Amino acid sequence: MSMTSFGADDEDEGAYGSSYLGNSYSKSAGFGYGPEVDTETDAGGEDAISDSKPRILLMGLRRSGKSSIQKVVFHKMSPNETLFLESTNKINKEIVSNSSFVQFHIWDFPGQIDFFDPTFDPDTIFGGSGAVIFVIDAQDDYMEALNRLHQTVTRAHKVNPSIHFEVFIHKVDGLSDDNKIDTQRDIHQRANDDLCDAG
Ligand SMILES: Nc1nc2c(ncn2[C@@H]2O[C@H](COP(=O)(O)OP(=O)(O)OP(=O)(O)O)[C@@H](O)[C@H]2O)c(=O)[nH]1
């Protein structure tokens, strides 16, 4: 399993100012812009899209900004418009197809997803996925998010030891420059400590 991090990228400031601190997609997952096919479905089971393209899972607490990231990056939505996004209540599955070389599935999860719900099928969801992108709202008290990150990593790694994890520290537009660095360090430290303690 891998968890990587790097500093803020201030190039695309958008309406939130610089809103990300943190971690990018795993290089091996591929990443690009282009036409998308909406395939919104309600579960990760039989209706899973089955082909050989890599799959990325977008996870994190409610309102952390998962759908906003997806809409701004892949649908060219203006960051202002994300204010009006409704909460996601079922897995939203899309194909991102930039070229014949850069194609992948991205599944946006509802924030309130319950790993212990019998309808949640970890084997299907984590088993066939290349990476989990976990989004943390830096303007919120992130202890709950860190707990959820820990659960997600533990659960996913058990099913699929080769899955990659990337953590996006999001909504840093509300933090001062010093606070951004401190927050990133603190989240990184706590997440690593939790995972080391768990073995
Ligand atoms: N300040 C700030 N707000 C943001 C940013 N990104 C998203 N938001 C706001 O955060 C709120 C929640 O965004 P969503 O994208 O719906 O969050 P989500 O994680 O998909 O939420 P669920 O579907 O409930 O799990 C919206 O009001 C967004 O406008 C950001 O970078 N900065």
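Whatever order the structure lists them in is the order used to number ligands and atoms, beginning at 1. Owing to the predicted nature of the structure, the values given are computational and were not obtained by experimental measurement. For the numbers below, each heavy atom of this structure counts, side chains included, while hydrogens, waters and symmetry mates do not.
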Problem set entry | S68: numbered ligand 1 atoms lying under 4.0 Å from its heavy atoms | 6 (N), 7 (C), 13 (O), 14 (P), 15 (O), 28 (C)

Problem set entry | Polar contact flag for T82 and ligand 1 (N/O pairs, less than 3.5 Å) | yes

Problem set entry | Partner residues of D177 under the salt bridge (charged side-chain N to carboxylate O under 4.0 Å, His left out) criterion, sequence neighbours left out | K180

Exercise. Is a side-chain N or O of N92 found less than 3.5 angstrom from the main chain of D108, in a donor-acceptor match?
Worked result: no

For this session: Please work out which of Q112, M77, H170 has its closest non-hydrogen atom nearest to atom 6 (N) of ligand 1.
Result: H170

Exercise. Quick one: which ligand 1 atoms are inside 4.0 Å of a heavy atom on D173?
Worked result: 1 (N), 2 (C), 30 (C), 31 (O), 32 (N)

For this session: May I ask whether L61 places a heavy atom under 4.0 Å from ligand 1?
Result: yes

Exercise. N/O of G111 under 3.5 Å from N/O of ligand 1, yes or no?
Worked result: yes

Exercise. Taking N or O atoms only and a 3.5 Å limit, does P79 qualify as a polar contact for ligand 1?
Worked result: no

Identify every side-chain donor-acceptor pair in residues 131-143 under 3.5 Å, counting partners at least two apart or on other chains, and give the distances.
{"residue": "D137", "atom": "OD1", "partner": "Q139", "partner atom": "N", "Å": "2.7"}
{"residue": "D137", "atom": "OD1", "partner": "D140", "partner atom": "N", "Å": "3.4"}
{"residue": "D137", "atom": "OD2", "partner": "K171", "partner atom": "NZ", "Å": "3.3"}
{"residue": "Q139", "atom": "NE2", "partner": "K171", "partner atom": "O", "Å": "2.9"}
{"residue": "D141", "atom": "OD1", "partner": "M143", "partner atom": "N", "Å": "3.3"}
{"residue": "Y142", "atom": "OH", "partner": "D186", "partner atom": "OD2", "Å": "2.4"}

For this session: Give a yes/no verdict on whether any heavy atom in S64 is under 4.0 Å from an atom of ligand 1.
Result: yes

For this session: Consider every N or O of L83 and every N or O of ligand 1, then say whether any pair is closer than 3.5 Å.
Result: yes

For this session: Under 4.0 Å, heavy atoms only, figure out whether ligand 1 is touched by the backbone of N89, its side chain, both or neither.
Result: neither

Exercise. Are the side chains of K71 and L85 in touch, meaning some heavy atoms are under 4.5 Å apart?
Worked result: yes

Exercise. So do the side chains of F120 and P122 get within less than 4.5 Å of each other, counting heavy atoms only?
Worked result: yes

Exercise. Would you say the side-chain atoms of N160 and S162 include a donor-acceptor pair closer than 3.5 Å?
Worked result: yes

Exercise. Would a 4.5 Å heavy-atom cut-off, applied to side chains only, mark H170 and S64 as touching?
Worked result: no

Problem set entry | ligand 1 contact on K71 by region, counting heavy-atom pairs under 4.0 Å | neither

Problem set entry | Residue Q139 vicinity, atoms of ligand 1 by number, heavy atom under 4.0 Å | 1 (N)

For this session: Would you mind listing which atoms of ligand 1 come within a distance below 4.0 Å of any non-hydrogen atom of S87?
Result: 22 (P), 23 (O), 24 (O)

For this session: Find out whether the Lys NZ or Arg CZ of R148 is both under 6.0 angstrom from the six-membered ring centre of F115 and within 45° of the ring's axis.
Result: yes

For this session: Would you mind reporting whether F74 and I106 have side-chain heavy atoms less than 4.5 Å apart?
Result: yes

